[in-house]
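For the numbers below, each heavy atom of this structure counts, side chains included, while hydrogens, waters and symmetry mates do not. Counting starts at 1 for both ligands and their atoms, following the listed order.
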Amino acid sequence: MHNHSTRSDGLLSPTQLIELASRNGVDAIALTDHDTTDGLEEAAAAARTSGVALVPGVEISVDWGGTTLHVVGLAIDPLASALAGGLRAIREGRWARNEKVAAALATLGFEGTLNAALALAENKEMLGRAHFARHLVERGAVKDTQQAFDKYLAKGKPAYVPHKWATLEEAVTWIRSSGGIAVMAHPGRYGLKPMFRDEMLAEFKRHGGEAIEVVTGSHRPEEYAHWQRVASELGFLASRGADYHGPGESPIEPGMMPQLHASLTPVWSKLH
Ligand code: AMP
Ligand code: MN
Ligand code: MN
Ligand code: MN
């Protein structure tokens, strides 16, 4: 229930992603590109051909008091106007942010990264840090994309640029008004202390958030039990997703993640 394509920062086209899922025996898959629903039409066509059920999705970038959160929308309607307009505004905001990332990299001695990263982005509207990371690998500055984040691009590193994305309320409201289900993506990735984590999830729920990711390629397996407990205690549906970005970057392919614990209610129980 969480995968990327070349329409954002994934490495496979929507068609290639669906074909991979089909080869892996997946019966239903969500495409959840960052801040765009651009790939859903192609994915739906490929899904019809392969006999896989496509859950139309998106992963929305949110700023929560200086912490970037990701909210996944599942079973959304990409044509719903509040959602489409909100996503367009986030994408437009990326231009100024990416110029600042490039400027920060230039002061570190890496000139010309904006155009080089853009050349690696198939969808120019959805340039993100993963494209900068791939370019830094290409020019030999780091050994892999993980090191690009660890040295330069992650929060607290010299080329990190804070950004005002959507608010949590906006993201959840856009998803719900389009008929979708709001899922808090990889809650273990935000480094929030328990008090802030509880406050964040309470606010998410108050706005209409219904699920959290428990088993995700963005959590370490040791973390699954913790988020399973949080989902049960706070009354959230549970989601499972590879957060797949492509060969070489994501170790676990769609359909290969461990199952959710039987005590959890999967978010897909609400999908027909
Ligand atoms: P952006 O939306 O441009 O800030 O890029 C966010 C994307 O960068 C995430 O979806 C991941 O694909 C990647 N990313 C973010 N933080 C890390 C990290 N610490 N390590 C590896 N990849 C990361
Ligand atoms: Mn990504
Ligand atoms: Mn994410
Ligand atoms: Mn993701």
Problem set entry | Asp77 vs Leu83 side-chain heavy atoms within contact, under 4.5 Å | no
Exercise. Could an N or O of ligand 1 be found under 3.5 Å from any N or O of His70, whether backbone or side chain?
Worked result: no
Exercise. Which angle, to 10 degrees, forms at the Mn ion (ligand 2) with NE2 of His245 on one side and NE2 of His34 on the other?
Worked result: 120°
Exercise. Does any N, O or S atom of His186, backbone or side chain, fall under 2.8 Å from the Mn ion (ligand 3)?
Worked result: yes
Problem set entry | salt bridge (charged side-chain N to carboxylate O under 4.0 Å, His left out) assessment of Arg94 paired with Glu125 | CA-CA 8 Å; Arg94 279 183 176 270; Glu125 278 198 308; over 6 Å; no
Exercise. Considering only protein heavy atoms, which is closest to atom 2 (O) of ligand 1, and at what distance to one decimal place?
Worked result: Arg94 NH2, 2.8 Å
Exercise. What's the shortest distance from atom 6 (C) of ligand 1 to any protein heavy atom, and which residue and atom give it?
Worked result: Arg129 NH2, 3.8 Å
Exercise. Where is the nearest protein heavy atom to atom 12 (O) of ligand 1: which residue, which atom, and how far?
Worked result: His245 NE2, 2.9 Å
Exercise. Do Thr15 and Glu42 have a side chain donor and acceptor closer than 3.5 Å?
Worked result: yes
Seminar exercise, completed: In Glu59, the N/O/S atom nearest the Mn ion (ligand 3) carries the name OE2
For this session: Taking only heavy atoms of Arg189 into account, list the atoms of ligand 1 that are under 4.0 Å away from them.
Result: 14 (N), 15 (C), 16 (N), 17 (C), 23 (C)
Seminar exercise, completed: If we number the atoms of ligand 1 from 1 as shown, the ones under 4.0 Å from a heavy atom of Gly128 are 3 (O)
Exercise. Do the side-chain N and O atoms of Glu59 and His4 include a donor-acceptor pair separated by under 3.5 angstrom?
Worked result: yes
For this session: Classify the side-chain pair Asp9/His131 by whether it contains a donor and acceptor separated by less than 3.5 Å.
Result: no
For this session: Classify the side-chain pair Trp64/Glu203 by whether it contains a donor and acceptor separated by less than 3.5 Å.
Result: yes
Seminar exercise, completed: For His70, the N, O or S atom at the shortest distance from the Mn ion (ligand 3) is ND1
Exercise. If we only count N/O pairs under 3.5 Å, is Gln146 in contact with ligand 1?
Worked result: yes
For this session: Evaluate whether atom NZ of Lys100 has more than 12 neighbouring non-hydrogen atoms of other residues, nucleotides or ligands under 6.0 angstrom away.
Result: no
Exercise. Are Lys157 and Phe149 in a cation-pi setup, meaning NZ or CZ lies under 6.0 angstrom from the ring centre and within 45 degrees of the ring axis?
Worked result: no
Exercise. What residue and atom, counting heavy atoms only, is the protein's closest point to atom 13 (C) of ligand 1, and at what distance?
Worked result: Phe149 CZ, 3.3 Å
For this session: Would you kindly say whether His163 and Asp63 are connected by a side-chain donor-acceptor distance under 3.5 Å?
Result: no
For this session: Give the residue, atom name and distance (to 0.1 Å) of the protein heavy atom nearest atom 7 (C) of ligand 1.
Result: Asp9 OD2, 3.6 Å
For this session: With the Mn ion (ligand 2) as the reference point, give the N/O/S atom of Asp9 that is nearest.
Result: OD2
For this session: State if Glu59 counts as touching ligand 1 under the rule of any non-hydrogen atom under 4.0 Å.
Result: no
For this session: Please lay out, stage by stage, how Glu122 and Arg7 fare under the test salt bridge (charged side-chain N to carboxylate O under 4.0 Å, His left out).
Result: CA-CA 7 Å; Glu122 195 166 294; Arg7 302 320 290 164; 3.7 Å; yes
Exercise. Mind checking whether the Mn ion (ligand 2) has an N, O or S of Asp243 under 2.8 Å?
Worked result: no
Problem set entry | Of the listed options Lys155, Arg97, His4, closest to atom 4 (O) of ligand 1 (non-hydrogen atoms) | Arg97
